[in-house]
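The structure appears below as structure tokens.
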2 protein chains.
Amino acid sequence: MPKHRQSLTLNLLQAREVAMSFFRPSLKDIGLTEQQWRVVRILSQQGELEINRLADLACILKPSMTGVLARMETAELVERRRSEHDQRRVLVKLTAAGERCFESMSGRMEENYERLQERYGAEKLQTLLVLLNELKTLKR
Amino acid sequence: MPKHRQSLTLNLLQAREVAMSFFRPSLKDIGLTEQQWRVVRILSQQGELEINRLADLACILKPSMTGVLARMETAELVERRRSEHDQRRVLVKLTAAGERCFESMSGRMEENYERLQERYGAEKLQTLLVLLNELKTLKR
DNA sequence: AAAAATCAGTTAGCATGTTAATTATCTTAT
DNA sequence: ATAAGATAATTAACATGCTAACTGATTTTT
């Protein structure tokens with residue numbers, strides 16, 4: 001038995017770094033940070049969301065999200081409004097420009113994904129995604 | 001066919017968040033950040049390392065590592081010295097206090113790992129680690 | 001050997017991670 | 001109806017992520 005087993009969390013981090021290397025160049029080209037792209041992608045799929053939910057889905061803490069959204073609002077990628085029913089809540093959605101940003105990038109990101117899948121293996125990729133989702137079910 | 005497949009990188013991030021939730025409380029108790037613990041753990045296993053190598057293993061960029069090590073040096077967890085052969089290189093190792101820090105934490109971290117493994121499944125955990133390591137081989 | 005290129009680490013500047021405290025709003029208990 | 005409690009978001013303060021530029025030391029080129 002090994003004295004030190006390998007760290008799951010470090011391996012998840014290192015593996016993610018490798019995966020990100022397939023996508024980072026494209027993000028750099030359009031001047032979006034990883035976090036901003038996550039927000040664009042999620043809002044594109046889910047439509048208008050409140051900040052709590054968006055932060056949870058994007059793995060961005062709420063205090064960080066405040067700044068991320070402020071900069072994206074300046075860049076006119078998203079717009080915020082307060083909910084009528086509950087004045088505490090803030091709802092966020094993509095602007096038309098934000099939608100176009102996603103559309104113009106999605107093809108290229110798909111190509112990057114294909115490159116990764118080709119080198120890694122489609123079945124292995126599917127298995128990995130299943131295992132990751134099962135790990136996520138341990139939340140709370 | 002789904003219009004939007006799920007994002008591998010986001011799933012890796014979300015899964016890591018769940019995994020970290022098993023360890024964060026322990027880190028908080030001793031006042032170490034995630035990054036500092038990674039440095040302690042790696043130096044404990046590998047002994048003295050140069051900064052480039054340490055940064056690569058710990059998934060911490062060199063500019064960040066400068067600050068991390070400065071704070072850990074102030075806390076007297078690590079010590080730095082320049083290599084005799086190559087004055088550009090800086091070598092880092094744990095102090096005696098740093099070693100004790102690791103020793104006093106490793107048991108508890110191991111318990112956390114057991115809890116995770118018990119809930120997730122030992123075989124699944126092994127499979128996941130294998131798949132992650134295979135993904136890491138795509139580096140470069 | 002001297003200049004140019006390379007390399008290790010740091011510094012600088014801004015974006016984000018993280019926790020605690022704060023503000024404004026809403027809900028619940030009395 | 002009002003005060004206490006809970007909730008959503010922000011602010012503040014410091015640590016880290018990230019890129020580019022910079023410094024000093026080593027290697028390569030000419």
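Below, read A as the first sequence line, B as the second, and so on, with proteins coming before strands; counting in each chain starts at 1.
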**Prompt:** More than 12 foreign heavy atoms under 6.0 Å from CZ of R24(B): is that the case here?
**Reply:** yes
**Prompt:** Is the shortest side-chain N/O distance from R80(B) to OP1 or OP2 of dT10(C) below 4.0 Å?
**Reply:** yes
**Complete:** Correct closest heavy-atom pair for L32(A) and C101(A) would be CD1-SG, 3.8 Å
**Request:** Starting at atom CD1 of I51(A), determine the distance to atom C1' of dT25(C), rounded to an integer number of angstrom.
**Result:** 15 Å
**Message:** Regarding L61(B), tell me which of base, sugar-phosphate or nothing describes its non-hydrogen contacts under 4.0 Å with the strands shown.
**Reply:** base
**Message:** For E76(A), is the CD atom crowded, meaning more than 12 foreign heavy atoms sit under 6.0 Å from it?
**Reply:** no
**Asked** Which atom names give the shortest non-hydrogen contact between V78(A) and L69(A), and what distance separates them?
**Response** CG2-O, 4.1 Å
**Message:** In this structure, how many angstroms lie between the C1' atom of dT6(C) and the CG atom of D86(B), rounded?
**Reply:** 12 Å
**Asked** Considering heavy-atom distances to DNA chain D, does H85(B) or R16(A) have its closest nucleotide positioned more toward the 5' end?
**Response** R16(A)
**Closest to side chain of R24(A), choosing from dC18(D), dA9(D), dT19(C)** = dC18(D)
**Asked** Taking CG from D56(B) and P from dA8(C), how many angstroms apart are they, rounded to a whole number?
**Response** 12 Å
**Request:** Could you tell me the separation between the CE atom of M72(A) and the P atom of dA15(C), rounded to a whole number of Å?
**Result:** 13 Å
**Request:** Ignoring backbone atoms, establish whether R53(B) has a side-chain N or O less than 4.0 Å from OP1 or OP2 of dA8(C).
**Result:** no
**Prompt:** dA9(D) C1' sits how many Å from E50(A) CD, rounded?
**Reply:** 11 Å
**Residue whose nearest DNA chain C nucleotide is more 5′ - P63(A) or Q35(A)** = Q35(A)
**Prompt:** To the nearest angstrom, how far is K62(A) atom NZ from dT10(D) atom P?
**Reply:** 9 Å
**Message:** Tell me whether the side-chain N/O atoms of R88(A) come closer than 4.0 Å to OP1 or OP2 in dT10(D).
**Reply:** no
**T66(A) vs dT10(D): side-chain N/O to OP1/OP2 distance below 4.0 Å** = yes
**Prompt:** Taking only N and O in the side chain of N52(A), is any of them less than 4.0 Å away from OP1 or OP2 of dT7(D)?
**Reply:** no
**Message:** Please confirm whether the shortest side-chain N or O distance from T33(B) to OP1 or OP2 of dA15(D) is below 4.0 Å.
**Reply:** no
**Asked** For A58(A), does its backbone N or O pair with a side-chain atom of R38(A) as donor and acceptor, under 3.5 Å?
**Response** yes
**Rounded interatomic separation in angstrom, taking CZ from R71(A) and C1' from dC14(C)** = 8 Å
**Asked** Which residue, Q36(A) or R82(A), contacts DNA chain C at a nucleotide closer to its 5' end, judged by nearest heavy atom?
**Response** Q36(A)
**Request:** Write down the distance between CG (L32(A)) and C1' (dC18(D)), rounded to a whole number of angstrom.
**Result:** 15 Å
